[in-house]
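Scroll down for the structure; my scribbles are underneath it.
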Amino acid sequence: QVEKYRDLIVKRWWILAGCLALALVYGGLRAFLQPDIYMATGSMMVSPRINVPVGEGGYSEEAGSFFGTQIQLIRSSQVRGEVVAKLADYEKTLPIPPHPVSNVTRVRDTSIFSFSVTSTSAEYARRYLDLLMKEFIAYKKKLRYETSGSTASTLLREVERLDTERQKAE
């Protein structure tokens with residue numbers, strides 16, 4: 001049986017060579033016609049424990065769930081939505097859609113986050129990465145302010161309640 005197939009391949013070698021040549025030409029054209037992909041990278045050090053005075057109160061965050069929470073905030077639709085909205089006008093000027101793909105990871109045993117953005121436009125990837133970091137910081141500040149504000153109002157209500165109870169007791 002093996003000899004039969006060997007003879008067939010020797011006799012029809014040009015079919016095998018033609019198929020191989022067509023596959024190589026197809027792969028080469030496909031690779032040549034693909035748009036270039038550019039990558040922007042950056043890193044950001046984020047302190048695992050934050051004690052920041054906000055308004056009359058303060059804000060703190062523990063390291064136990066800190067790093068996972070930060071990555072989820074960076075990946076959140078609020079942060080990414082702001083980035084895309086701010087880049088919408090620039091995106092319209094590009095000849096092909098930029099299709100950004102972003103990734104964020106924590107550098108092992110550090111408080112440093114590594115960011116990367118790939119896109120069909122080098123400038124778009126750079127702008128997207130810059131805005132992603134800026135919007136993350138802005139979103140964190142907003143969350144801190146909202147959290148400290150609700151904490152302060154809760155404490156104020158509790159003080160008022162205790163004051164009312166003290167007045168009734170007198």
So does [Y] get a backbone contact from the side chain of [X], meaning a donor-acceptor N/O pair under 3.5 Å?
X	Y	value
Thr120	Pro97	yes
Arg6	Val10	no
Ser121	Pro98	no

Please report the shortest heavy-atom distance between [X] and [Y], naming the atom on each side.
X	Y	result
Pro100	Val117	CB-CG1, 4.3 Å
Leu132	Ser102	CD2-CB, 4.4 Å
Val46	Phe67	O-CE2, 4.4 Å

Once you round to the nearest 0.5 Å, how far does [atom1] of [X] lie from [atom2] of [Y]?
X	Y	atom1	atom2	result
Ile15	Leu20	CD1	CG	13.5 Å
Gln70	Arg106	CD	CZ	11.0 Å
Leu29	Leu24	CG	CG	11.0 Å
Ser43	Phe115	OG	CZ	8.5 Å
Thr105	Ile112	OG1	CD1	11.0 Å
Leu131	Met133	CG	CE	11.0 Å

Under 4.5 Å between any side-chain heavy atoms of [X] and [Y], yes or no?
X	Y	result
His99	Pro35	no
Asp89	Lys92	yes
Leu73	Leu143	yes
Tyr128	Ser119	no
Gln78	Glu82	no
Thr41	Ser116	yes
Met44	Phe136	yes

Begin from the C-alpha positions of Tyr38 and Arg126 and carry the test side-chain contact (heavy atoms from CB on, under 4.5 Å) through to its verdict. CA-CA 9 Å; Tyr38 300 93; Arg126 186 194 63 76; over 6 Å; no
Show your reasoning for whether side-chain contact (heavy atoms from CB on, under 4.5 Å) applies to Arg75 and Asn103. CA-CA 8 Å; Arg75 293 177 179 166; Asn103 187 30; 4.0 Å; yes
Ion pair check, Asp163 and Arg166, cut-off under 4.0 Å: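 Salt bridge: yes.
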Using the salt bridge (Lys or Arg N to Asp or Glu O under 4.0 Å) rule, take Lys168 and Glu165 through it: C-alpha gap first, then chi angles, then the decisive distance, then the call. CA-CA 5 Å; Lys168 286 180 184 178; Glu165 284 180 13; over 6 Å; no
Is Glu3 atom CD crowded by more than 12 heavy atoms from other residues, nucleotides or ligands, each under 6.0 Å away? no
Can you hop from Ile9 to Trp14 via hydrophobic side chains spaced under 4.5 Å?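 Different clusters: Ile9 never reaches Trp14 through Ile, Leu, Val, Met, Phe, Trp or Tyr contacts under 4.5 Å.
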With the 4.5 Å side-chain cut-off for hydrophobic clustering, are Val83 and Ile137 part of the same group? yes
Using the ring of each side chain (for Trp, its six-membered ring), is Tyr124 parallel, tilted or perpendicular to Tyr90, with breaks at 30° and 60°?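 Rings of Tyr124 and Tyr90: parallel, under 30°.
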